[in-house]
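By convention in this document, chain letters (A, B, ...) are assigned in the order of the sequence lines, proteins followed by strands, and residues within each chain are numbered from 1.
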Protein chains: 2
Amino acid sequence: MDELDSAIVRELQRDARQSNRDIARKVGVAPSTCLERTRLLRERGVIRGYHADIAPSALNRGVQALVSVQVRPLSRAVIDAFKAFTVGLPEVTAVFVMAGSDDFVIHVGAQDNEHLHAFLVDRLSQRKEIVGFRTSIIFQHLAKHDPAPLPEA
Amino acid sequence: MDELDSAIVRELQRDARQSNRDIARKVGVAPSTCLERTRLLRERGVIRGYHADIAPSALNRGVQALVSVQVRPLSRAVIDAFKAFTVGLPEVTAVFVMAGSDDFVIHVGAQDNEHLHAFLVDRLSQRKEIVGFRTSIIFQHLAKHDPAPLPEA
DNA sequence: GTGCTTCGCCGAACTTTATTCGGCACAGCG
DNA sequence: CGCTGTGCCGAATAAAGTTCGGCGAAGCAC
């Protein structure tokens with residue numbers, strides 16, 4: 001993971017669909033070299049994939065929320081089962097397994113408040129391992145797809 | 001946004017770097033048609049971009065956390081300023097503006113616990129509009145990059 | 001210092017893909 | 001029944017992806 005790899009990764013984070021030639025030119029290396037580097041980054045698991053960023057409203061997910069969930073007992077079996085359950089639900093777009101007072105934070109998207117409510121009541125709260133959950137509506141979601149590198153300190 | 005558009009979007013969510021020809025073949029249409037559809041999707045803002053998914057540890061972000069923050073007064077000026085501030089920090093990878101007891105949820109990544117602590121103490125808690133915040137470590141983060149379509153109901 | 005080996009980069013050759021554009025067919029409408 | 005607009009197709013051209021032999025620098029043994 002030298003400076004060249006970082007530069008390539010940065011470019012692919014910014015725009016994953018620009019041509020290999022363009023990336024090569026920007027990072028100052030031959031296209032064949034850039035291609036080989038990219039292949040290795042993928043192989044090493046540094047690059048996990050390439051995904052289009054889609055406007056949620058276009059996917060019928062105009063309403064989004066974070067749901068904090070506490071489950072009991074806090075055993076591996078229960079955690080794994082609940083995790084697998086939530087990931088399988090179409091409304092769920094991300095699952096965080098947490099330390100602290102909440103065991104899970106689930107990012108969900110639904111068509112509107114009514115659908116969100118139905119999801120919470122009909123799907124989520126069915127699970128017997130849940131001993132409590134709290135839903136917070138997301139007004140705005142800003143994701144940084146091209147994060148600045150961390151300071152060295 | 002007909003069935004063809006959805007199919008193209010789905011493919012690009014799954015793998016944004018596959019060739020237009022492959023996508024065209026999978027969705028059953030000519031490459032030129034597929035290209036034109038993709039161009040329009042981009043133009044309409046349905047497709048917001050294409051980004052590589054990078055392993056956090058490769059970016060020196062081995063430790064991640066969600067930070068729930070309450071700010072006062074809850075005015076637009078304060079909210080916008082705090083939002084801009086957090087988005088500008090390199091450790092911050094996403095910002096949620098929330099309804100409910102927390103006004104913000106901030107997704108941060110740092111090299112280790114020490115760096116995370118330093119970030120919270122030296123950067124975040126400097127802000128005078130913060131009246132309280134709570135940090136929860138993320139053990140695991142599962143993101144669905146190819147979400148199943150929502151049920152019609 | 002010198003010869004040997006390894007590694008990574010380069011650039012040319014070849015294959016595949018992107019992109020453009022004229023034409024055609026179908027649907028909607030007067 | 002003809003007219004018009006829209007969207008898809010496929011061929012042609014330009015551009016990009018991909019492979020591979022060779023070269024030069026770096027590291028090492030002697």
Side-chain angles (χ1 to χ4, degrees), chain A residues 1-62 143 145-150 152, chain B residues 1-62 143 145-150 152:
Chain A
M1 201 61 188
D2 57 10
E3 188 42 53
L4 179 54
D5 282 333
S6 297
I8 293 172
V9 163
R10 209 163 12 214
E11 279 304 317
L12 284 171
Q13 275 190 295
R14 201 177 58 72
D15 179 5
R17 233 177 134 72
Q18 62 184 318
S19 75
N20 178 65
R21 284 184 124 83
D22 282 347
I23 299 170
R25 193 171 36 74
K26 286 179 195 168
V27 304
V29 84
S32 51
T33 303
C34 187
L35 193 70
E36 174 68 2
R37 289 286 193 135
T38 306
R39 197 184 61 75
L40 286 174
L41 285 167
R42 185 98 217 229
E43 209 167 274
R44 275 189 276 149
V46 172
I47 298 173
R48 301 196 291 196
Y50 307 98
H51 307 285
D53 175 25
I54 307 297
S57 56
L59 297 174
N60 270 331
R61 294 167 190 274
H145 294 292
D146 184 11
L150 290 176
E152 284 304 314
Chain B
M1 202 62 188
D2 57 11
E3 189 42 53
L4 179 54
D5 283 333
S6 297
I8 293 173
V9 163
R10 211 165 10 220
E11 279 306 316
L12 284 171
Q13 276 190 295
R14 201 177 57 72
D15 178 5
R17 236 179 131 73
Q18 61 185 318
S19 75
N20 179 65
R21 280 186 124 80
D22 283 347
I23 299 172
R25 192 172 36 74
K26 286 178 194 169
V27 304
V29 83
S32 52
T33 303
C34 187
L35 193 70
E36 174 68 2
R37 288 286 193 135
T38 305
R39 198 183 61 76
L40 287 173
L41 286 167
R42 184 98 217 229
E43 208 167 274
R44 274 189 277 148
V46 172
I47 297 173
R48 301 196 291 196
Y50 307 98
H51 307 285
D53 176 25
I54 307 298
S57 57
L59 297 174
N60 270 331
R61 294 166 190 274
H145 294 292
D146 184 11
L150 291 176
E152 283 305 314

Output yes when B/Arg37 and B/Asp5 qualify as a salt bridge under the 4.0 Å nitrogen-oxygen rule, no when they do not.
yes
Mind calculating the distance between CG (B/Leu35) and P (D/dA11) to the nearest angstrom?
17 Å
Start at the 5' end of DNA chain D and walk down; is the nucleotide closest to B/Leu4 or to B/Arg17 reached first?
B/Leu4
Assign A/Ser32 to base, sugar-phosphate, or nothing according to its heavy-atom contacts below 4.0 angstrom with the strands shown.
base
Base, sugar-phosphate, or nothing for B/Arg37, non-hydrogen atoms under 4.0 angstrom?
sugar-phosphate
Expressed as a whole number of angstroms, how long is the span from A/Asn20:CG to D/dT18:C1'?
10 Å
Is the closest basic N to carboxylate O distance between A/Arg10 and A/Glu3 below 4.0 Å?
yes
Which nucleotide of DNA chain C is the first, and which the last, in the 5' to 3' direction, to come under 4.0 Å of a heavy atom belonging to chain A?
C/dC9 to C/dG11
Atom-to-atom span, CD of A/Glu36 to C1' of D/dA16 - whole angstrom
18 Å
Can a donor-acceptor pair be found, under 3.5 Å and without considering hydrogens, that links the side chain of A/Asp53 to the backbone of B/Tyr50?
no
How long is the line joining CD1 of A/Ile23 and C1' of D/dT18, in whole Å?
15 Å
Any side-chain to backbone donor/acceptor pair from B/His145 onto A/His51? Under 3.5 Å, distance only.
no
Quick one: does A/Gln18's side chain have a donor or acceptor within less than 3.5 Å of a partner on A/Asp15's backbone?
yes
5'-most contact on DNA chain C (nearest-nucleotide basis), A/Asp2 vs B/Arg39, goes to A/Asp2
Donor-acceptor pair, distance only, cut-off 3.5 Å: does the side chain of B/Arg17 make one with the backbone of A/Ala16?
yes
Could you state the atom-to-atom distance from CG of A/Asp22 to C1' of D/dG17 in whole Å?
13 Å
